[in-house]
Trainee: 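Got a structure for you, written out below as structure tokens; questions coming shortly.
Just so we're on the same page: letters track the sequence lines, and every chain starts at 1.
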Amino acid sequence: MTDAPLVITENLGRNFPTRQGLMGRARDVWAVRDVTLSVSKGETLGVVGESGCGKSTLGRMMMGLDIPTTGKITFDGRNLAHMPGPERRRLARRMQMVFQDPFGSLDPRRSVGAQVADGLRIHGIVPDQNIKEEVRRLIEQVGLSADAAMRRPHEFSGGQRQRIAVARALATRPEFIVADEPVSALDVSIQAQVVNLLMDLREELDLAMLFISHDLHVVRHLCNRIVVMYLGRIVEEGPVAKVFGTPAHPYTRALLESTPSLHPRNEALGDRVLPGELPSPVNPPSGCPFRTRCPIAEPECAQAVPPLTGPTDTWRAACIKAGPLKHSWNQ
Amino acid sequence: MNKAHRKLILPGVIVFFITALVFLAPILPLADVREMSIPSRFAGPSASHWLGQDEFGRDVLARLIWGGRASLFIAVGSALAAAVIGTALGLLGGFFRGVVEVLTVRASEVILCLPLLLLALLVVAILGAGTWPLIIALTILYTPNYARVVYSATLQVRSLDYVTAQTAMGAHPMQILARTVLPNIMPPLLVQMSLVIASALVIESGLSFLGLGVVPPTPSWGLMIRAARGAMEQQPLLLIWPSLALAGTIFTFNLLCDRLQSVLDPRGITGGGAFWLRKNQRKTVENERVAEPSTDALLLVEDLSIVLGREGRDTELVRGVSFKVMPGETRAIVGESGSGKTLSGLALNGLLPDVLSINGGRALFSTREGAQVDLTRLDEDAFRSLRGREVSMVFQDAAAALNPVLRIGEQVGEAIRAHKEIDDAALDERIISLLRQVGLPDPERRVRSYPHELSGGQRQRAMIAVAVANEPRLLIADEPTTALDPTIQAQILDLFKTLMADTSGMGLIFVTHDLAVVSEIADRVTVMYAGEVVEEGPVADVFERPRHPYTAALIASVPEGDADRLIAIPGTVPTPKDLPPGCRFAPRCAHAIDACTTHSPEAEHPSLDRRTRCIRWKDVT
């Protein structure tokens, strides 16, 4: 871990106003709200949460692909939100993205080599005559054979495509990578290959990484720190061992308990099931967003959004009844 | 050259022939198109005039070729010009949206408000008749068509990940448009092009026919048709030649664009067919009562094999799969993609895609009446009476499996009515009680909801309600929780458990790739790899002490332990077309010895109720 964080977000929010009907009034739909976090070099920050919790929007904003409604993102001291196009494109060299769907993130009509070479060409990473060689090095770095460069994406399996996507992201020698569910679409045995690859690359290249996933097992294995999101807000944030070992927020506990495990647990499944579903972001509950499903909610929870404060400086939870609880996952 | 490229030969050759003919018209030994010979007006085909002579005695063949030169130049020229302008407008509008969209696509759409022919007439009236004004008129006419088609295709493509990846890469927007978006919107563009060329040929002919296009005596197909119309009764052949040329050219261009489109798609498209044209591959055997010593199993699958393709050139996708399901038991079938787990499930409900067929084994199912039927030998009608009532299915993607235009209540009701005569009041009551049983909140109101009004978890519940509507004896669930979030997945798994507990004697086959889900829900597990069962046994035992290296590796690759590095299985699952000899897992197995690659291992029994297909299970597990 190093001194100053590479990427910092402050009170980040993204509103997608929607209009119901032709004449209806526009209503605010906040996908992300008041997100403050930071990622340092060599660190992997895991973002977990269920679909609709805003984790992908957060990732897109941190890549500069989406413009925040409120707050700001600083990358190495520079504000991303109000950066003119050419400057933003130059900065793109230092930050890259790996997508969830390995079948959708590669252009089906162009050869793998050409797609990996794009980044090299755009940013002039290596002289033109060396591009072929560099593409071969990148493809071999992610564990594929060099002749892969000539082929089209559809000739590869899901895991191999994800490796190609990683090679493409690494081409510009980035310092920061946003990985949006990079292993969710892969088979278990292939998933392990990609997770190992990401871990090796992190060590080798001292990468800062934002790892977005709904698979808690993978996040726990790969990440140093974790952010748990619910309905666009951070509900808990802290080191992996703390958050998954002794979760402070009731939602984190529920998430951990509902995740299936190879090892049989003592409680019956029925006792561990969280009732209800994610409330609509169009009409979020007052106060704590989780209170409608929370097993320990009190009338007081409806009063105000609980502040993100914590047991310690590095470990914070947004719950008025927060308290570290030993969890069955802790081994 | 592959199959798709071969398809290009026919239209390619014809187009080349037509183009060569009109290009080479000046140097071909043709008669002069203006040379009249009044005595031989309306002369039929002869050795010197192959297609005969027209009303002024001019050579029809020469006029046809020269006329094609004019007609094709106008049609193809304007189609291409409109394609370039329209594509540029559509790309810019679709990619940048906002103001750019108003200035490009929306602006060009103003032209669409004016009647086609009227607009062309206007332009020609202003600029005067002739070839160039006609090209300009047609270009203006067709630009908005292209703009619209390209615009909507761009809208689809721009949100795809690989376009976002280019943005994230820092590529300039123009670069993205040219290199990534344009090639991917080619298919609709080509279709549009073929339509426009055809339509431009017709309009050119029409305008020339009206006297607003090509000026006589320069020939064009439209002019020829116009002239021939007057003499239709004397010499009908004169009308047939240009019409044939026109129709043939249009047809050829359409064919070329069509074939080009399939060639340009690197993935290749496999054809389907209407269901009444498909051959019924299932042997039509009567509901054969099997006179075997009956087992107490609900379902007994033995040596099930599924093949792809025709006789003789089969690719075996599933080989020798055996398992059984006892009443009240949950059997998990687990494996990676390509392991054949889903196919095995589909086969048991007679839902295999048409290109696949069962070519061996049997699946004995005990019906409610105590009869035993072999599911592999039923025809479509027999299956229909069984589906829903005896064997039922839950799919992964509830959003796709439910009909979007029918209310939830109607879909559940449909399933009940398929097997039962029931009056409306009783039906409504039954639907609501079913929806309540699957835990859909507020069922009285939900019966009138459409699928899109429900959340993912609720849709899955609704689909389960459809599946259990007739209290089936066997429920086959294919990855029913894979698309769901963890807390919702836990709810649905809990629902399956409750259903199993409440319905005595129902068997559940739970197909999944997630080992952790297996350990939550199943009693016994069948592990599949590359179309074969590699291990089988009670869930707790198998996970505690796997007896096959593949199962062991699969468990080790789940990031649940405290190991620093995950054990990844090297390589990938082999494709059915090139399976390794011997044990199919051998090339990826850390314990493989020479004997593993020589012949396929037989099933062995490490203990009474377990099976493994590994010759070294004693040493390595």
Side-chain angles (χ1 to χ4, degrees), chain A residues 50-51 63 65 88-93 95-97 99-101 104-110 118-119 122-123 152 154 157-160 165 168 172 187-193 195-196 199 214 216-218 220-222 254-255 258-264 269-270 272-274 277-278 331, chain B residues 160-173 175 179-180 183-184 186 264-267 336-337 441 455-458 485-491 493-494 497-498 513-517 519-521 540 543 553-562 565-570 572-573:
Chain A
E50 298 179 271
S51 43
M63 279 299 296
L65 293 172
R88 151 83 191 92
R89 286 199 286 276
R90 268 198 303 283
L91 200 63
R93 187 191 71 71
M95 45 211 289
Q96 286 296 313
M97 189 154 183
F99 297 84
Q100 168 173 10
D101 177 11
S105 68
L106 297 174
D107 186 342
R109 287 168 196 271
R110 297 175 63 218
D118 277 348
I122 291 167
H123 299 285
R152 301 270 179 94
H154 69 97
S157 69
Q160 289 171 326
R168 179 180 61 183
T172 62
D187 276 318
V188 195
S189 72
I190 309 299
Q191 181 176 316
Q193 294 175 6
V195 168
N196 283 342
M199 288 182 83
H214 68 266
L216 303 188
H217 292 302
V218 173
R220 192 179 79 134
H221 186 82
L222 186 67
L255 209 54
S258 59
T259 301
S261 162
L262 275 183
H263 310 288
L269 181 66
R272 294 184 268 123
V273 170
L274 189 66
E277 312 210 357
L278 202 68
Q331 289 158 354
Chain B
L160 294 178
D161 280 349
Y162 56 83
V163 178
T164 315
Q166 288 280 327
T167 314
M169 183 88 72
H172 193 275
Q175 221 172 355
R179 201 170 49 192
T180 307
N184 281 292
M186 264 311 172
L264 282 180
D265 193 340
R267 287 153 294 193
E336 297 178 87
S337 37
S455 70
Q458 288 171 344
D485 280 316
T487 57
I488 308 300
Q489 166 168 291
Q491 290 176 2
L493 287 179
D494 190 42
K497 285 196 142 180
T498 320
H513 71 279
D514 191 336
L515 293 173
V517 167
S519 90
E520 294 279 356
I521 190 148
F543 285 3
L554 212 51
I555 291 170
S557 64
V558 177
E560 237 190 279
D562 284 328
R565 275 188 81 76
L566 300 175
I567 314 292
I569 307 176
T572 50
V573 180

Trainee: For each of B:V558, B:L160, B:D514, tally heavy-atom pairs with chain A at distances under 4.5 Å, and name the one with the top tally.
Mentor: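 Top option by heavy-atom pairs under 4.5 Å: B:V558.
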Trainee: Identify which part of B:P570 has an atom lying under 4.5 Å from any heavy atom of chain A, answering side chain, backbone, both or neither.
Mentor: backbone
Trainee: What closest approach, in Å, do B:D161 and A:S105 show between heavy atoms, and which atom pair accounts for it?
Mentor: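 Of all heavy-atom pairs spanning B:D161 and A:S105, the closest is CB-CA, 3.6 Å.
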Trainee: Count the heavy-atom pairs under 4.5 Å between each of B:I488, B:I555, B:T498 and chain A, then report the option with the highest count.
Mentor: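 So the answer, after comparing B:I488, B:I555, B:T498, is B:I488.
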Trainee: According to side-chain hydrogen bond (donor to acceptor under 3.5 Å, both in side chains), who are the partners of A:D118, at least two apart in sequence or on a separate chain?
Mentor: A:R110, B:Q166, B:R179
Trainee: Could you tell me which non-hydrogen atom of B:G170 sits nearest to which non-hydrogen atom of A:R89, and how far apart they are?
Mentor: O-CD, 3.4 Å
Trainee: Is chain A contacted by the side chain of B:Q491, its backbone, both, or neither, given a heavy-atom distance below 4.5 Å?
Mentor: both
Trainee: What's the separation between atom CZ in A:R168 and atom OH in B:Y162, rounded to the nearest 0.5 Å?
Mentor: 11.0 Å
Trainee: On a heavy-atom basis, which atom in A:R88 and which in B:A168 lie closest, and how many Å separate them?
Mentor: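 Smallest interatomic distance, heavy atoms only, reads NH2-CA, 4.2 Å.
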Trainee: Quick one: side-chain hydrogen bond (donor to acceptor under 3.5 Å, both in side chains) partners of B:H513, sequence neighbours excluded?
Mentor: B:E479
Trainee: Given that the side chain runs from C-beta out, which part of B:Q458 has a heavy atom under 4.5 Å from chain A: side chain, backbone, both or neither?
Mentor: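 Both backbone and side chain.
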Trainee: Give the member of B:V163, B:V573, B:T164 that has the highest number of heavy-atom pairs under 4.5 Å with chain A.
Mentor: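 When all of B:V163, B:V573, B:T164 are compared, B:T164 has the most.
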Trainee: Report the distance from atom CE of A:M97 to atom OG1 of B:T167, rounding to the nearest 0.5 Å.
Mentor: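 Reported value, rounded in 0.5 Å steps: 10.5 Å.
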Trainee: Is it the case that the side chain of A:N196 and the backbone of B:R565 share a donor-acceptor pair, with hydrogens and angles ignored and the cut-off at 3.5 Å?
Mentor: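 Side chain of A:N196 to backbone of B:R565, a donor-acceptor pair under 3.5 Å: no, none is there.
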Trainee: Please state whether the side chain, the backbone, both or neither of A:V195 comes within less than 4.5 Å of a heavy atom of chain B.
Mentor: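 Interface part for A:V195: side chain.
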Trainee: Using a cut-off of under 4.5 Å for heavy-atom pairs, which of B:A553, B:A516, B:S455, B:A568 has the most such pairs with chain A?
Mentor: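 Counting heavy-atom pairs under 4.5 Å, the top option is B:A516.
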Trainee: Give a yes or no on whether the backbone of B:D485 and the side-chain of A:S51 come within a donor-acceptor separation of less than 3.5 Å.
Mentor: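 Checking the backbone N and O of B:D485 against the side chain of A:S51, no donor-acceptor pair under 3.5 Å is found.
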Trainee: Contact part of A:R90 toward chain B, heavy-atom cut-off under 4.5 Å: side chain, backbone, both or neither?
Mentor: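 When you check distances to chain B, no heavy atom of A:R90 falls under 4.5 Å.
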Trainee: If you look at every heavy atom in A:I122 and B:A171, which pair is closest and at what distance?
Mentor: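 That closest heavy-atom pairing would be CD1-CB, 3.4 Å.
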Trainee: Going by heavy atoms in the side chains, are A:R220 and B:P559 under 4.5 Å from each other?
Mentor: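 They are not in contact (no side-chain heavy atoms under 4.5 Å apart), so the answer is no.
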Trainee: Measuring heavy-atom distances to chain A, does B:I521 have an atom under 4.5 Å in its side chain, in its backbone, in both, or in neither?
Mentor: neither
Trainee: State the CG-CG distance between A:L274 and B:D494, to the nearest 0.5 angstrom.
Mentor: 12.0 Å
Trainee: Given that the side chain runs from C-beta out, which part of A:E50 has a heavy atom under 4.5 Å from chain B: side chain, backbone, both or neither?
Mentor: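 Both parts, heavy atoms under 4.5 Å.
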Trainee: I'd like to know if the side chain of A:H123 and the backbone of B:M169 have a donor-acceptor N/O pair within less than 3.5 Å.
Mentor: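 Present.
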Trainee: Could you check which of B:I569, B:L554, B:T180, B:T487 has the highest count of heavy-atom pairs closer than 4.5 Å to chain A?
Mentor: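 Top count of heavy-atom pairs under 4.5 Å with chain A: B:T487.
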Trainee: Just by modelled atom types, is the A:S261 backbone N or O under 3.5 Å from a matching donor or acceptor in the B:E520 side chain?
Mentor: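 Checked: pair present.
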